[in-house]
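Worth saying up front: this structure is predicted, and the values here are computed from it rather than measured. Per chain, numbering begins at 1; letters A, B, ... match sequence-line order. The analysis underlying the following values was restricted to heavy atoms, covering all of them including side chains, and did not include hydrogens, waters or symmetry mates.
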Amino acid sequence: MNSIDLAIALFLLGNLVVALVAAARGPTAADRMLMALLFGSTGTGILVLLAQAMGMPTLVDVALLLALLAAIGGVAFAKRAWQGDGHD
Amino acid sequence: MTGLILLPLAWASLAFVLGPGRGKWLAIGGLSAQAWLAFDLAAKVGAGGTALLHPVGGWGAPLGIDLAADGLSAVMLLLVQCIALPLAIHAGAYFKRGDAAGAYFWPLAGFLIAGLNALFLSADLFNLYVTLELVGLAAVGLVAAGGGAQQVAAALRYLFATLVGSGLYLLGVALIHGAYGTVSIAILTPLVTSDAPRLVWIAGGLMLAGLMVKTALFPFHTWLPSAHGNAPAPVSALLSALVVKASFYLILRLWLGPLAPLTSAIAWLPALLGALAILWGSWQAIRAERLKRLIAYSTVAQLGYLFLIFPLLPGTDALEAGIMQAFAHGLAKAAMFVAAGVIIEATGRESVMDLSGAAGHLPLTLFAFGLAGMTLMGLPPSAGFLAKWLLIEAALDRGHWGLVAVVLAGGLLAAVYVFRVLRQAFLLAPADAVVKSVPRRLEWVAFLLAAASVLLGLRGVDLVRLLGAGA
Amino acid sequence: MTANEWLPLAVLASSLLPGLIIFVLPEGWIGLRTTLNLVGAIAKLVLVGVLLAGVAAGTEYGVRLAVLPGLDLAFKADALGLLFITLSAVLWLFTTLYAIGYLEGAPHRSRFFGFFSLCVTATMGIAMAANLFTFFVFYELLTLSTFPLVVHRGTDKAMKGGTIYLAYTLAGGTALLTGIVWLHHLLGHTEFAHTGIAAALGPEQAIQLKTIFLLLIAGVGVKAALVPLHGWLPQAMVAPAPVSALLHAVAVVKAGAFGIVRIVYEIYGVEFAQALDLLTPLAILAAITIVWGSFRALFQDDLKKRLAYSTVSQVSYIALGVALFGPIGTIGGLVHLVHQGIMKITLFFCAGNYAETLGIHKVSEMDGAGRRMPLTTIAFTIAALGMIGVPATAGAVSKAWLSAGAAAAGMGWAVWVLWTSSLLNAAYFLPILWRVWFRPRLLAWPDEHIPARPWHETAWLLLLPPLITATFTLAFGLFADSPASPLAWAKLIAEREYRAQRSDAPASPPHE
Amino acid sequence: MSLAFDVLLALSLIWSGVRCLSVERLDRAIVLFIAFGLLMALAWARLAAPDIGLAEAAIGAGLTGALLLDAWGALKRRRP
Amino acid sequence: MMQLLERVLSFAGLWWLLAEGHRDGWLLGGVAVVAATWSSVKLWPPRAYRVRLTALPGFLAFFVVNSVRGGLQVAAMALRGRRALTPGLIDLALILPDGAPQILLTYTLGLMPGTVGVELADGRLRVHALDVRLPVAAEARALELRIAALFGVGA
Amino acid sequence: MTSGLLFASTGALLFALGLAGVILIAHLLRRILAFNVMGSGAFLILVGLAQDNDIPDPVPQAMVLTGIVVAVAATALALALTRRLHALTGEVELPRDEA
Amino acid sequence: MIDAIGTLLPIVGALFYAAGTLGLLRFPDVYSRLHALAKADNLGLGCVLLGLALQAEDLAVSLKLLLIWPLALAASSAVSYAIARRAAHLGVKPWRRDSP
Amino acid sequence: MRRLLVGSGAAVFAVLLIGALLEPLPGGIDLRIAVASHMAASGVEHPVTAVLLNFRGYDTLLEIAVLLLAVIVILAGGLDPAVDRPRAANPILQSLARLATPPMIVVAVYLLWAGAFRPGGAFQAGAVLAAAAVLLHLTGLLPSWQRPALSLRWGMTAGFLIFLAVATGLLAQGALLRYPPAQAGLLILLVEAGLTVSLGLILAGLFLFLSRDPGDEE
């Protein structure tokens, strides 16, 4: 197990959590949408690091899938869910 | 044995491919074959006296999944096919062409029946979870199909109840798997002992609780009256007669099987709840305004009887009493819902107070209703009576007079709500009553089911003998 | 299956099958329905005749069918059962004839006759039951099949009566069921047997056995209308006249009384019952019922209600006879089972005729009816006199044997009870007779359906049955000693019931 | 190190679970639920169950999220 | 035809990458490539714009360098907080033709230093710039030229 | 504590949380979320508990995959019914049951 | 040398991620936060991927890792455009220095 | 009150459960060994796939039925009339969908293929296909499904029917789903391929049948 990679993954996870909190607390609905970006970048990063750290190359596939699909949440949000409802 | 699972899966999916409203003959044909298979299986199990085993994939437990058919499974399978076939014939006449509620009735019913059969045959806790979900979701779908707001609300209520139930069950399975590394009932049974780790106790409690939610045992019954009371008649019949029995069967399996060493401490809990269910359900049925709701509450009450047997297990007559009650109630309740469907279809009215004169217009249906009522009241010579008899004897055997009192009181309360309907029906019709004609087939199905529930009382000995096989 | 086995089943089927077919007949097929009814009734009579001959010769008829392991649906045709069967079969024929006439043109006749046949089937089952379980099965079936008949008119009043009827009988059934299961639990079976089966348990279970006895008697006592369980009977008077006849004479109350006989003689055994001190309380209960029923009858203006209270009283004669320890009382009770049926059915037929022809429902409306409807009134008079116990009627025979039985059993007070009852009987019947024959008609008939013509006071189908049963009333009184009389048969039964215990069954009539 | 990662992951799972059921506004709840799904995928990775991770990622990111957001939008739009 | 071949090859390359060089999966790989090509033709019919492979490496290099620059710039601004920002919206008139070139421009601008696309319509692109004092328009124009070269269109 | 047990404990918390949510929350969409949280909890326990020593066990993994599929089916179904209810009544909560 | 870079790059990437998060926390409006995430995080991801690709023994594996980057870039680029556009349409005004 | 009760109940339950989880457990049956020793006969090299499609393939069969059922229930519940609102397409998102779909298909097939020896499989592949459909639909490139046409019904059911047919056909081997080791790999691939397509359609259907309203953008 590669502990440097794991440490980085841990760091990224912390990062992700802080960013999630920030995005969830954010004032506008658009801030929530930023999460979709977070998943695509940070989630993928953590997964590839885990793949390396745990010696499980198959996790790269998961990362790939996540990178490919993370956009859907954002698109769905933009297209369907986000209306000007006076709260923004 | 596998035919009972594969056939309905096949005809259900083919019916879906055929399209909305189609598949009636496929279903009836398939069900006929299934009925034959069920009788054949019962004969084999009865003759062999032992459980039949089918290791799926040829692996055998614990690696693979086993199917097992003993007397209990055979009886339940018989119940399913014997009720589903007439109900299919009934539904064929009930749903008109282009009826939104009936558009996907056949595939849904097919998956429901497949799920039930699979459930009764499975000997693997996780596989049972999948079958439970299959049954639960199909049942929800049948309630929701093509319905209005009331039906959809009822379906949602039902959906969440069934999901919570299976969620609890799943967690129990997860814990059992964690503790023993296997989910095969046969392998687990000798492993679980009364000094099992606390995890296993929690698991047992969770599984039983989840299944009780699914069986609508008081006080988890709140979803049942709206679901069963709002669905189309053939659906209500399927649900009340069969679906709730499935989770009861599973409770019984667990109780008699792997969880047996753990259950003595809580044996009175289900009985207590069952007693409350009888009283509360009957009381609500007596008060209910709509006919179908009355019948649905009656189901709540009748399910209570099933749980009275737990303090008596394992003992003489107790299991027999429970299964006899399940069988009797299944037939009778199916008949009753079908009859109620005919009445509502013919008179266009739903409330009990509007039934006046129904006896004159629909004598056969009312007769069926009365016969079914006989079974529910536990009057001889119906199968319900035999169940009551067995239950009282089993209770006397253990000296539990309280249970006897509950059973007897339940019978009287049932009489109150059954005759509430009948006496209303015998009243003279108001002058302005308009009665549509309904297909005779609908009436005959109700009658046949009701008659079967009564006549079974004369051949209870066969059922008991089959039940004893391979147990 | 041998003839000995299927004959009892055939007796059941002879009314069950026509009943089931009648249910599905369209309303308008009157001819076929009537034919079926009559064919069934006559076939049953023939079968019963065969059985009578066989049983008299000592043949045993019986069949059983396993329902659960250790639980059989069992039938036997023994002397006691046949007494009841014969009564019911004969009266069924007359009642059917009467009902055909009575209901002419009324709605829902298929339903009516269907349940009517079921009701008789249930009665046959009760009579032929070979164990308490079977007895119970048909006992409850009787409840269910009579309910639609009671509420047949579909009015609110009918429904109220029907509901009360149900409440009583279902509660009674529950008590009976409890007793039966308990007994079954203790004994492992509930077969009827001469001299009883309960004695096998021994004295340590005496308390349980007494409780069970209480439950069983309460169960059958509801139908037998023992005070205080009689409340339903007057309420059920809302039913059409043939149904009243059925309830009072052919089926329901008789089934209750018959149940008492079976339970005392063939479950507990009369000696064991005596040993448990069960007979005296039963006798007292019967006595109270006799007096109370007669007393209440005095104050009823509604004719059918008066008759109903009369039934309450009269049926308990049977219970009293059973409770009198000794064969003479037994014979008195059993023979009254038949006599009361014959007499009471006559009275109800007549009451129905008055109502149907002239619209008379109340005693106070009956002034002068005798001259308008002489034949009916003659039949009514004979039956009423029989009820009072006037010599040369069937009633006199019953009362004589009962009194003698009471004396023989050392229960002298029971004789006084019988006398009191007879006086009260007279007190409520004689005014009626006086009114119909000797009071002039003051007002118009309340509702005259059938116009008066010479020798055609009412429809023949309504007239014939009461005339025939009235004739029987006289015949059974006059020819009580004939070997074909009910009395002779009652003696045969008593002989068999007591054979095991004592051989002094009386061959001669008792001293009066 | 791996314990720290696991603990942090577990805590954030619980946090997102709690928040997604308790926040006032529905859009936040749904987005937090999607985040919960992502964290679950990471947990599956940590549990050496990449198959489940794949499924969770595909379903959570691709389908359930879109379904929920679409449903939420529909409910909001139709509100009278 | 060439375009089709290019697509087939690129999907085959993708398969090869995914399969990590395993050779026993080419049967399914073939299916995948055919299906992918079919869907790509359905979704994006071959049109006039063609990527010139010769211009690709230069573009990629330009892109990578600039996206690193962009990342560094944003990181630096993040460290300084909102003091560092002078944000604003800027309307750019595009010289690139409609369709793929404009779209590629919008994509890449989002990763270039200081800009993110806000609205692409009628040959105009509105961008949001982190610091309006920087030469945003000039950089965008440079990118446009690169893209024009990539597609071989006049700019 | 192995990561298996850690995640199993997390699963226990999530399950309890989701269960309480399903029972308490009236808003249907949120209830669906709660149900999913509950299911995830059960899945975590199933795999986590079987996975001490960090050696993967394929059987519970396969079970969880099956479970996830079922949960997706249930979620979609619940959403469909919720939308249907909303379209028919304008409500996003279950109406009170008739007496 | 390559090993060293391979180990170093992910750390650099992590720093970019941190910067992105910092931006997310400190930037005043949704547009500028968008910049932070879209650029910094993606650069971070690129560094991590490149670092790991250099560490990997198998060429195919490292290429696969590198494949992720363009996918993530395309996705985040498109999504950030969508967010910005949607925000603009819904009238979210960009923050200005002079308007607090 | 209710909240407090349920909440504290859940908390107590969680504490109890965690306490029980942390207790040492007696060693149970370890199926890892059994799985490993039968891998050779399973027809695939990835243990999870072996369990899913061979050892416990029956679970999977029923699971697919559940998924198919979900679509049927949604159809049975009645579809709302689709809202037809004109709206401008967003070219950037559309281009994303256009760009991403073909690679998604390749990835899906890759996952299907990989399932035989590494994580992946029909469900994941189907989910990716469905995700592609969802993306296309969200960006307006794929209209929502108005009614289940015959071909669509066939498509959604085909995978299940193939699975069912294979399961039934293998009864000839003595038991349901008893793959002969030699042909197991091919049969499993056949089943998985069918399932991928059908699952993709079904999962896409869950979205495309439900999503009747294109949103109110523009």
Side-chain angles (χ1 to χ4, degrees), chain B residues 62-63 125-127 129-130 132-134 136-137 140-141 143-144 146-164 166-179 181-183 199 202-203 206 222-227 229-230 284 287-290 293, chain F residues 4-5 8 11-12 15-16 18-19 22-23 25 28 31-32 34-39 41-52 57 59-60 62-64 66-67 69-71 73-91 93-99:
Chain B
L63 181 61
L125 291 180
F126 186 78
N127 183 249
Y129 163 74
V130 183
L132 273 176
E133 291 285 26
L134 192 57
L137 296 190
V140 170
V143 173
Q150 233 176 3
Q151 280 81 353
V152 173
L156 271 166
R157 211 181 289 279
Y158 184 16
L159 176 65
F160 281 109
T162 191
L163 287 180
V164 166
S166 43
L168 292 171
Y169 176 83
L170 176 65
L171 182 57
V173 175
L175 297 180
I176 291 270
H177 182 272
T182 179
V183 285
L199 197 60
I202 296 180
L206 283 168
T222 44
W223 58 266
L224 186 142
S226 59
N230 284 320
Q284 289 296 325
R287 293 185 31 190
E289 211 165 276
R290 289 192 304 117
R293 204 165 171 84
Chain F
L5 277 183
F15 187 91
L19 182 60
V22 174
I23 296 171
I25 296 175
L28 287 167
R31 210 189 256 198
I32 294 168
F35 157 71
N36 273 290
V37 170
M38 177 176 144
F43 298 150
L44 274 179
I45 292 178
L46 184 53
V47 171
L49 202 52
Q51 210 126 308
D52 40 1
D57 183 345
V59 176
M63 287 176 182
V64 168
T66 305
V69 177
V70 173
T75 305
L77 205 131
L79 275 173
L81 290 178
T82 303
R83 295 179 70 154
R84 188 100 189 111
L85 184 74
H86 184 261
L88 289 168
T89 66
E91 292 291 323
E93 297 182 6
L94 283 177
R96 276 180 61 84
D97 200 14
E98 65 183 293

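Contact annotation for V164(B): both backbone and side-chain heavy atoms come within less than 4.5 Å of a heavy atom of chain F. Residue contact with chain F, scored on non-hydrogen atoms closer than 4.5 Å, is absent for T162(B). At a 4.5 Å heavy-atom cutoff, the contact between L81(F) and chain B is made by backbone and side-chain atoms alike. Using a 4.5 Å cut-off between heavy atoms, L159(B) touches chain F through its side chain atoms alone. When heavy atoms are compared at a cutoff of 4.5 Å, L134(B) does not approach chain F at all. I176(B) does not touch chain F: none of its heavy atoms, backbone or side chain, sits under 4.5 Å away. Of the atoms belonging to L28(F), heavy atoms from both backbone and side chain fall under 4.5 Å from chain B.
Applying the side chain to side chain contact (heavy atoms under 4.5 Å, CB included) test to T89(F) and every residue at least two apart in sequence or in another chain returns A149(B), L85(F), E91(F). In terms of the side chain to side chain contact (heavy atoms under 4.5 Å, CB included) criterion, residue partners of V183(B) (sequence neighbours excluded) are, by chain and number, D124(B), L125(B), F126(B), V173(B), H177(B), M63(F), R56(H).
Heavy-atom minimum distance, V47(F) versus P60(F): CG2-O, 4.1 Å. Smallest separation of non-hydrogen atoms from N230(B) and Q151(B): O-NE2, 3.1 Å. Scanning both residues, Y129(B) and S166(B), for their nearest heavy atoms gives CE1-O, 3.6 Å.
The backbone N or O of I25(F) sits less than 3.5 Å from a side-chain atom of R31(F), completing a donor-acceptor pair.
Listed options L168(B), V130(B), V140(B) were ranked by heavy-atom pairs under 4.5 angstrom with chain F; first place goes to L168(B). For the set T222(B), L175(B), L171(B), the entry with the most heavy-atom pairs within less than 4.5 Å of chain F is L171(B).
Looking only at side-chain heavy atoms (C-beta outward), L170(B) and F43(F) come within less than 4.5 Å of each other.
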